[in-house]
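Each remark here refers to the structure printed beneath this line.
Predicted model, so just to flag it, every value in this text is computed and none were measured.
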Amino acid sequence: MPASRSCLVGLALLLISACGGKEPPPPPEDPCPNVHVEKLAGDWIKVVGSKADHRSRMRISGTPDAYEMILVPGNFDRVRLRGRVSGESVDFEQVLTEEQEGEVLSGDRIRNRLSVRPTKAKCALRVRTDMVSVQNGVERTRTGAVEEYVTFPEDFTFTFDPPDGPLFMDAAAKSRTAMEAEIRERGGPNPEGTHSTAIPVGVFVPADQDGDPSCTYDFDLYFDDQPYKGESGNLSDGQRLAAGEVQDGYRHWYVPAWYAPYSGNHHFEMFRYRTCSGKPRERIAVQSLDALLY
């Protein structure tokens with residue numbers, strides 16, 4: 001075969017240079033390589049137009065065949081979901097307890113399903129939330145609006161963690177007797193209180209649940225899902241605060257004067273830690289209270 005013809009057959013693109021032609025241009029650089037069905041792990045925040053809404057955010061972890069999500073859906077709730085890749089999107093379904101599953105089947109609860117589709121054109125995730133209910137034994141789906149989420153800015157800190165237990169206000173925060181009475185009467189903490197510059201907030205926890213008595217115990221505070229800074233505006237006011245001493249087998253995790261001077265719905269969070277000799281600081285649990293302050 002003539003040499004001039006051999007340059008036109010086979011792997012043409014690889015032979016262009018050998019034939020004296022120009023190399024093809026390199027493919028365009030991916031503007032958002034992490035916006036991909038196999039690279040969703042990270043924190044994401046909802047955007048409307050050019051504005052971000054930190055009240056709606058999601059944290060995705062895990063791998064494409066076993067993603068997990070914590071969704072904060074525009075309030076202080078925490079919704080757990082699990083998902084996996086399905087074509088060009090990732091399908092997530094809400095994780096429910098056995099009791100909650102029964103409530104779905106009886107028509108008393110709605111299950112959330114999310115479809116997450118990466119969109120390179122906007123470097124964003126297009127998220128559609130479907131609400132699934134059961135009526136007369138038949139599953140019905142109500143399709144929600146499609147919203148956009150982008151990568152969470154690195155210079156902002158917001159909490160995502162579901163609570164492990166409650167926090168209490170006022171008398172129930174100061175007295176174990178009052179706390180136990182509130183649990184008996186209400187099944188949990190009273191979420192209603194008066195806004196103030198000094199609200200007592202706390203919880204009594206059996207010390208043997210916390211761990212080795214030779215360890216030290218402290219906590220970090222978050223208010224409305226951000227690090228608590230108190231009236232002074234100093235971050236240190238809400239970090240590494242010492243837990244109370246053990247009395248009658250209970251450790252008192254307590255803030256005598258939480259600065260919350262505004263009315264409305266507010267979220268109190270206490271991240272409890274222990275530090276044992278020769279080991280790094282370890283989180284024990286998250287206590288929280290979704291409160292309504294008048």
Side-chain angles (χ1 to χ4, degrees), residues 40-44 54 57-63 66-72 76-82 95 97 152-169 172-174 176 179-180 183 188-189 199-230 234-259 266-291:
L40 291 189
D43 294 347
W44 304 84
H54 66 268
R57 57 192 188 275
M58 56 190 185
R59 171 168 288 172
I60 300 175
S61 59
T63 56
Y67 278 130
E68 295 192 0
M69 177 194 291
I70 301 297
L71 173 69
V72 183
F76 299 126
D77 288 343
R78 307 297 196 251
V79 181
R80 291 182 181 271
L81 303 102
R82 293 196 182 103
V95 178
T97 65
F152 213 96
E154 294 183 359
D155 53 345
F156 287 91
T157 299
F158 286 88
T159 59
F160 288 84
D161 307 75
D164 302 297
L167 274 175
F168 296 81
M169 291 189 299
K174 296 186 287 185
R176 182 161 66 91
M179 184 191 79
E180 292 173 345
I183 294 173
I199 300 176
V201 178
V203 63
F204 293 83
V205 177
D208 58 2
Q209 293 183 10
D210 288 340
D212 190 330
S214 67
C215 301
T216 58
Y217 294 88
D218 59 24
F219 54 89
D220 295 342
L221 300 179
Y222 294 83
F223 186 54
D224 290 349
D225 295 357
Q226 291 188 276
Y228 172 79
K229 297 180 181 180
N234 294 323
L235 181 63
S236 60
D237 285 359
Q239 305 294 302
R240 291 183 177 268
L241 305 179
E245 298 296 326
V246 175
Q247 294 184 356
D248 298 325
Y250 283 78
R251 179 173 284 108
H252 194 194
W253 300 82
Y254 181 56
V255 184
W258 194 306
Y259 181 71
H266 293 285
H267 197 210
F268 298 82
E269 291 177 286
M270 176 187 290
F271 284 55
R272 301 192 293 113
Y273 292 88
R274 65 171 165 257
T275 305
C276 304
S277 178
K279 296 181 180 180
R281 190 181 189 223
E282 177 185 10
R283 195 174 83 191
I284 304 171
V286 178
Q287 313 289 140
S288 78
L289 174 64
D290 190 356

Is a donor from one side chain sitting under 3.5 angstrom from an acceptor on the other, for Thr275 and Glu282? no
Working note: Lys174 + Tyr254, criterion side chain to side chain contact (heavy atoms under 4.5 Å, CB included); need CA distance, chi angles, decisive distance, verdict. CA-CA 8 Å; Lys174 296 186 287 185; Tyr254 181 56; 3.0 Å; yes
Honestly, is Arg283 close enough over Phe271, meaning NZ or CZ under 6.0 Å from the six-membered ring centre and within 45° of the axis? no
Is there a donor-acceptor pair closer than 3.5 Å between any side-chain N or O of Tyr67 and the backbone N or O of Leu40? yes
Asp208 vs Arg251, salt bridge (Lys or Arg N to Asp or Glu O under 4.0 Å): CA-CA, chis, key distance, verdict: CA-CA 9 Å; Asp208 58 2; Arg251 179 173 284 108; over 6 Å; no
Which of parallel (below 30°), tilted (30 to 60°) and perpendicular (above 60°) describes His266 and Phe223? parallel
Hey, are Asp212 and Lys279 close enough for a salt bridge, meaning a charged N less than 4.0 Å from a carboxylate O? no
Restricting to side-chain contact (heavy atoms from CB on, under 4.5 Å), what partner residues turn up for Glu180, sequence neighbours left out? Arg176, Arg184, Tyr250
Could you walk me through whether Val203 and Met179 pass side chain to side chain contact (heavy atoms under 4.5 Å, CB included), step by step? CA-CA 8 Å; Val203 63; Met179 184 191 79; 4.1 Å; yes
Just so I know, are the side chains of Pro162 and Arg80 near enough to count as touching, which here means a heavy-atom distance under 4.5 Å? yes
Donor-acceptor contact present, side-chain Gln287 to main-chain Pro166, <3.5 Å: yes
Taking the side chain from Arg78 and the backbone from Phe76, do they hold a donor-acceptor pair closer than 3.5 Å? yes
Just how far is it from atom OG of Ser288 to atom NE2 of His267, taken to the nearest 0.5 Å? 4.0 Å
Could you grab the distance from atom CG of Leu167 to atom CZ of Phe268, nearest 0.5 Å is fine? 9.0 Å
Strictly below 4.0 Å, N to O, side chains only: are Arg57 and Asp225 in salt-bridge contact? yes
Mind checking the CG-CZ spacing from Leu289 to Phe168? Nearest 0.5 Å is all I need. 8.5 Å
Give the minimum heavy-atom separation between Tyr259 and Gly230, together with the two atoms involved. CD2-C, 3.8 Å
CZ-CG distance between Phe160 and Asp43, expressed to the nearest 0.5 angstrom: 4.0 Å
Check this for me: does any side-chain nitrogen of one of Arg274 and Asp218 sit under 4.0 Å from a carboxylate oxygen of the other? no
Just wondering, do Phe158 and Phe152 contact through their side chains at under 4.5 Å, heavy atoms? yes
Would you please test Gln226 and Thr157 for side chain to side chain donor-acceptor pair (under 3.5 Å) and show each step? CA-CA 6 Å; Gln226 291 188 276; Thr157 299; over 6 Å; no
Please report, to 0.1 Å, the donor-acceptor pairs under 3.5 Å made by any side chain of residues 235-243, with sequence neighbours excluded.
| residue | atom | partner | partner atom | Å |
| --- | --- | --- | --- | --- |
| Asp237 | OD2 | Ser232 | OG | 2.3 |

Would you say Asp220 and Tyr228 make side-chain contact, with heavy atoms under 4.5 Å? no
Rounded distance (nearest 0.5 Å) linking atom CG of Asp224 with atom CD of Glu269: 9.0 Å
d(Arg82 CZ, Glu68 CD) to nearest 0.5 Å is 5.5 Å
For Phe219, does the six-membered ring have the charged nitrogen or CZ of Arg272 within the cation-pi criterion, i.e. under 6.0 angstrom from the centroid and within 45° of the normal? no
Residues Leu81 and Leu71: closest non-hydrogen pair is CD1-CB, 3.8 Å
Within the 4.5 Å heavy-atom criterion, are Asp210 and Tyr273 side-chain neighbours or not? no
Given side chain to side chain contact (heavy atoms under 4.5 Å, CB included), test Tyr217 with Val205 step by step and report yes or no. CA-CA 12 Å; Tyr217 294 88; Val205 177; over 6 Å; no
For Phe204, which residues count as a ring-ring contact (aromatic ring centres under 6.0 Å, His included) partner, sequence neighbours excluded? His252
